[in-house]
Novice: 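Could you have a look at this structure, given as structure tokens, before my questions?
If you're wondering where the values come from, they're calculated on a predicted model, not measured in any experiment.
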Amino acid sequence: MDLTVLGSGTVAPERDRTPAAYWVDTTSVQLLLDCGSGTLNRAVTFGIPWADATHVAVTHFHVDHWGELPLFLFALRWGIEPPRADPLIVIGPRGLRSRLTMLAEAYGAWVTAPEFGIEIVELEPGAHLELAPHVELEAFKTPHTDESVAYAVQDGTARLVYTGDTGFDETLADWASGCNLMLAECSLPDDRKIEGHLTPSLAGKLAQRADTRRLVLTHFYPVFGDVDPAALAAVHYAGDVTAARDGDRFSL
């Protein structure tokens with residue numbers, strides 16, 4: 001399983017960071033986790049075969065996590081040659097279908113009924129979805145919005161956990177226990193902490209409790225400046241920790 005960071009930033013505009021988007025490639029699944037603005041351009045820049053996506057999974061409905069999904073669907077209709085033939089599976093928490101239906105009313109029926117076909121799956125916390133033989137997606141509730149979830153992607157013995165946006169939660173750490181890689185949001189410095197988001201110290205504590213083999217921090221607001229969030233997280237986490245940049249790649 002390979003992970004490519006397409007967007008390590010937030011809604012705050014930055015030259016070198018775009019909002020949340022992550023590409024997970026297994027032998028049988030090409031999964032886009034979240035789809036913030038800039039996803040398509042970043043995918044092209046980093047050589048990602050975005051048009052081959054088999055699944056898209058959004059963690060919650062803040063615009064920096066799913067705002068480019070309509071454009072992604074539109075690009076699959078008109079931005080590739082030959083036209084896409086395989087259905088796309090779009091996964092999200094409860095409320096995904098109703099929101100896509102409202103977007104279809106605004107943009108056109110193609111949002112929910114493109115020519116290539118789309119399957120909308122609302123995945124409840126605690127539920128599992130088989131993406132392909134031996135590849136499974138699991139959702140877990142996070143303390144951020146009413147609907148927000150984290151995802152675990154399991155391919156054989158490799159397990160990737162993406163926290164999405166979340167506050168610190170010991171039950172989330174216990175659910176993630178033993179994962180090969182934890183991709184954890186780290187929105188703000190410790191002295192700027194707000195509810196529903198992690199700081200470097202909290203992300204380090206989450207990863208330490210989860211006993212993950214590797215911690216990759218992401219979703220940074222520009223207020224970090226020149227501060228290295230990985231060094232701050234390492235005070236609380238004994239494993240390998242990286243502060244992600246757009247374009248970074250990791251293998252599990």
Side-chain angles (χ1 to χ4, degrees), residues 1-60 62-84 86 88-92 107 111 114 116 118 131 151 153 155 158 160 162-165 181-187 214-226 228-230 240-252:
M1 186 190 305
D2 294 320
L3 166 69
T4 302
V5 178
L6 300 181
S8 61
T10 64
V11 69
E14 292 188 79
R15 181 180 63 186
D16 298 324
R17 295 189 191 276
T18 54
Y22 310 93
W23 184 263
V24 179
D25 184 7
T26 78
T27 54
S28 54
V29 168
Q30 288 75 49
L31 167 66
L32 177 63
L33 289 172
D34 281 340
C35 189
S37 62
T39 295
L40 285 166
N41 282 337
R42 283 298 204 234
V44 171
T45 298
F46 301 139
I48 297 299
W50 62 272
D52 295 336
T54 56
H55 303 76
V56 177
V58 297
T59 57
H60 64 293
H62 282 165
V63 69
D64 57 329
H65 287 259
W66 86 307
E68 195 159 300
L69 182 57
L71 183 61
F72 189 86
L73 297 173
F74 202 61
L76 288 176
R77 296 181 70 218
W78 300 110
I80 59 175
E81 186 65 37
R84 183 183 178 99
D86 297 326
L88 179 71
I89 300 174
V90 179
I91 305 157
Y107 294 132
V111 174
F116 51 82
I118 188 172
L131 306 182
Y151 288 120
V153 186
D155 180 11
L160 163 69
Y162 169 42
T163 67
D165 283 3
L181 187 151
M182 175 182 284
L183 178 63
E185 75 114 293
C186 185
S187 297
R214 186 168 197 177
L215 172 62
V216 176
L217 303 174
T218 189
H219 199 263
F220 303 111
Y221 274 90
V223 293
F224 274 103
D226 295 330
D228 180 10
D240 183 9
V241 56
T242 302
R245 308 289 307 188
D246 292 15
D248 282 355
R249 299 175 189 249
F250 304 91
S251 292
L252 284 71

Novice: In the structure I gave you, are the side-chain heavy atoms of Thr54 and Leu31 within less than 4.5 Å of one another anywhere?
Specialist: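 No. Closest side-chain heavy atoms not under 4.5 Å.
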Novice: Contact between Trp23 and Pro49 at the side-chain level, heavy atoms closer than 4.5 Å - yes or no?
Specialist: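 They are in contact (side-chain heavy atoms under 4.5 Å apart), so the answer is yes.
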Novice: Determine yes or no for a side-chain-to-main-chain donor-acceptor pair under 3.5 angstrom, with Thr10 supplying the side chain and Ala12 the backbone.
Specialist: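 Yes, because the side chain of Thr10 sits within donor-acceptor range (under 3.5 Å) of the backbone of Ala12.
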Novice: Verify side-chain hydrogen bond (donor to acceptor under 3.5 Å, both in side chains) between His62 and Asp165, making sure each step is shown before the conclusion.
Specialist: CA-CA 10 Å; His62 282 165; Asp165 283 3; 4.7 Å; no
Novice: Would you say the side-chain atoms of Glu185 pair up with the backbone N or O of Thr163, donor to acceptor, closer than 3.5 Å?
Specialist: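 Judged by distance alone, no pair lies under 3.5 Å.
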Novice: Between Phe224 and Cys186, is there a side-chain heavy-atom distance shorter than 4.5 Å?
Specialist: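 Of all side-chain heavy-atom pairs linking Phe224 with Cys186, at least one is under 4.5 Å.
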Novice: Which atom pair, heavy atoms only, marks the closest approach of Val241 to Ala230?
Specialist: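 Looking at all heavy atoms of both residues, the closest pair is CG1-O, 3.6 Å.
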Novice: Do Phe46 and Arg249 come close enough that some side-chain heavy atom pair is under 4.5 Å?
Specialist: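 SC-SC contact between Phe46 and Arg249 confirmed.
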Novice: Look only at the side chain of Asp248 and the backbone of Arg245, and say whether a donor-acceptor pair between them is shorter than 3.5 Å.
Specialist: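 Yes: the side chain of Asp248 pairs with the backbone of Arg245.
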Novice: Just to verify, which of Asp155, Ile89, Ile91, Thr26 counts as forming a side chain to side chain contact (heavy atoms under 4.5 Å, CB included) with Leu131?
Specialist: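 Of the listed options, the one satisfying the test is Ile91.
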Novice: Distance-only, no hydrogens or angles: does the Tyr151 side chain make a donor-acceptor pair with backbone N or O of Val58 under 3.5 Å?
Specialist: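 It does hold such a pair.
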Novice: If you round to the nearest 0.5 Å, how far is OG1 of Thr242 from CG of Asp240?
Specialist: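 That separation rounds to 5.0 Å.
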Novice: Any donor and acceptor pair, going by atom type alone, linking the side chain of Thr218 with main-chain N or O of Ala184 inside 3.5 Å?
Specialist: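 Looks like no, no N/O pair under 3.5 Å.
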Novice: I'd like to know whether Asp246 forms a side-chain hydrogen bond (donor to acceptor under 3.5 Å, both in side chains) with Ser8, so could you lay out the CA-CA distance, the side-chain angles of the two residues, the decisive distance to 0.1 Å, and finally the verdict.
Specialist: CA-CA 6 Å; Asp246 292 15; Ser8 61; 2.6 Å; yes
Novice: Is the Phe72 ring parallel, tilted or perpendicular to the Trp50 ring (thresholds 30°, 60°)?
Specialist: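 Perpendicular.
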Novice: Heavy atoms, side chains only, cut-off 4.5 Å: are Phe250 and Val216 in contact?
Specialist: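 Heavy-atom side-chain distance check passes, below 4.5 Å.
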Novice: Could you pull out the closest heavy-atom pair between His219 and His65, with the gap in Å?
Specialist: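 Of all heavy-atom pairs spanning His219 and His65, the closest is NE2-NE2, 3.2 Å.
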Novice: Are the side chains of Phe220 and Ser187 in touch, meaning some heavy atoms are under 4.5 Å apart?
Specialist: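 No, too far: nothing below the 4.5 Å cut-off.
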Novice: Nearest heavy-atom pair of His55 and Val29: which atoms, and what distance?
Specialist: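 It is ND1-CG1, 3.9 Å.
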Novice: What are the two closest heavy atoms between Ala244 and Val5, and how far apart are they?
Specialist: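 Nearest pair, atom of Ala244 first, then Val5: CB-CG2, 4.1 Å.
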Novice: Any heavy-atom pair between the side chains of Leu33 and Thr59 that's under 4.5 Å?
Specialist: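 No; the side chains remain at least 4.5 Å from each other.
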Novice: Under a 3.5 Å threshold, yes or no: a donor from one side chain and an acceptor from the other, between Asp2 and Ser251?
Specialist: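 The answer is yes; a qualifying pair exists.
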Novice: What closest approach, in Å, do Leu32 and Ala21 show between heavy atoms, and which atom pair accounts for it?
Specialist: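 Heavy atoms of Leu32 and Ala21 come nearest at CD1-CB, 4.4 Å.
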Novice: Give me the one residue out of Val63, Asp34, Val11, Asp64 that meets side chain to side chain contact (heavy atoms under 4.5 Å, CB included) with Pro19.
Specialist: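 Of all the options given, the one that passes is Asp64.
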Novice: Quick check: closest heavy atoms across Val153 and Met1, and the distance to 0.1 Å?
Specialist: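 Between these two residues, the closest heavy atoms are O-CE, 3.5 Å.
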Novice: Just how far is it from atom OH of Tyr107 to atom CG of Leu71, taken to the nearest 0.5 Å?
Specialist: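 If I round to the nearest 0.5 Å, the distance is 9.5 Å.
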Novice: Is Leu217 close to Leu215 at the side-chain level, that is, under 4.5 Å between some pair of heavy atoms?
Specialist: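 With C-beta onward as the side chain, the pair touches.
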Novice: Does the pair Gln30 and Asp25 meet the rule for a side-chain hydrogen bond (donor to acceptor under 3.5 Å, both in side chains), with working shown?
Specialist: CA-CA 5 Å; Gln30 288 75 49; Asp25 184 7; 3.2 Å; yes
Novice: Would you say the side-chain atoms of Thr18 pair up with the backbone N or O of Leu6, donor to acceptor, closer than 3.5 Å?
Specialist: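 Yes; judged by distance alone, with no hydrogens or angles, the pair exists.
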Novice: Ignoring hydrogens and geometry, is there a side-chain-to-backbone donor-acceptor pair from Arg84 to Arg77 under 3.5 Å?
Specialist: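 Looks like no, no N/O pair under 3.5 Å.
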Novice: With distance as the sole test, does Tyr22 use its side chain to make a donor-acceptor pair with the main-chain N or O of Gly7 at under 3.5 Å?
Specialist: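 Yes, because the side chain of Tyr22 sits within donor-acceptor range (under 3.5 Å) of the backbone of Gly7.
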